[in-house]
**Q** 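Just dropping this structure here.
Here is the naming used below: chain letters follow the sequence lines, and residue numbers restart at 1 for every chain.
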Amino acid sequence: MAYWLMKSEPDELSIEGLSRLGRTRWDGVRNYQARNFLRAMSLGDEFCFYHSSCPQPGIAGLGRIVVAAYPDPTALDPHSPYFDAKASAEKNPWSAVEVEHVRTFAQVLGLGLLKQQAALEEMPLVHKGSRLSVMPVTAAQWQAICALAR
DNA sequence: GCCAACGTTGGC
DNA sequence: GCCAACGTTGGC
């Protein structure tokens, strides 16, 4: 099983929102590197749910992949903010996955705290200017994060 | 293929 | 709201 980290603006979808929904589609990824990571996800993989662009940026909980990557329907929907005029049903370059809620942390693991962890210094997340919204997490990094969440 | 201009991300 | 960093676009 592989581990990942995915960013979401809580106004769009928060860990609490995912908890309420139980499961939902993770769509709207419009960056090729991030999309490639989406496509590399397998059923059962787990991910850190990161809150970005909000008062308290950080890892807010955990989720799990329940459906592997498939064409992202929001790319074809003219009413979606993620609409891509260059995408078509025959040729849709974007992917979505389905995720389910696993755990909401008692406290958000703030970005400042994450940056203090030597075990996490390789993560793109903690690098200045990093905009990658989907990234792999190593087993060692995953353990370090879970240790912080206790 | 280079690179300037532009739009977006995301922390602060 | 500001601004640094980044990815993409498009002229040449």
**Q** Between the protein and nucleotides 10-12 of chain B, list the N/O to N/O atom pairs that are separated by less than 3.5 angstrom.
**A**
from	atom 1	to	atom 2	distance (Å)
B:dG10	OP1	A:K7	NZ	3.0
B:dG10	OP1	A:R131	O	3.1
B:dG11	OP1	A:Y50	OH	2.7
B:dG11	OP2	A:S53	N	3.0

**Q** Looking only at the side chains, is there a donor atom on one of A:S95 and A:R35 sitting less than 3.5 Å from an acceptor on the other?
**A** no
**Q** Which one, C:dT9, C:dA5, C:dG7, comes nearest to the side chain of A:N31?
**A** C:dG7
**Q** If only side-chain N and O atoms of A:K86 are considered, is one of them under 4.0 Å from the OP1 or OP2 phosphate oxygen of C:dT8?
**A** no
**Q** Without decimals, in angstroms, what is the distance between A:Y32 OH and C:dT9 C1'?
**A** 12 Å
**Q** To the nearest Å, how far apart are A:K128 NZ and C:dA5 P?
**A** 4 Å
**Q** For residues 133-147 of chain A, which side-chain donor-acceptor pairs fall under 3.5 Å, sequence neighbours excluded?
**A**
from	atom 1	to	atom 2	distance (Å)
A:T138	OG1	A:Q141	N	3.0
A:T138	OG1	A:Q141	OE1	3.3
A:Q141	OE1	A:T138	N	2.8

**Q** Salt-bridge test for A:R25 and A:D27: reply yes if a basic N is under 4.0 Å from a carboxylate O, no otherwise.
**A** yes
**Q** Figure out the CD/C1' separation between A:Q33 and C:dG7, and round it to whole Å.
**A** 11 Å
**Q** Apply the hydrophobic cluster definition, ILVMFWY joined by side-chain contacts under 4.5 Å directly or through others, and give me every member besides A:V108.
**A** none
**Q** Is the ring centre of A:W26 less than 6.0 Å from the ring centre of A:F49?
**A** yes
**Q** Would you say the side-chain atoms of A:H101 pair up with the backbone N or O of A:R64, donor to acceptor, closer than 3.5 Å?
**A** no
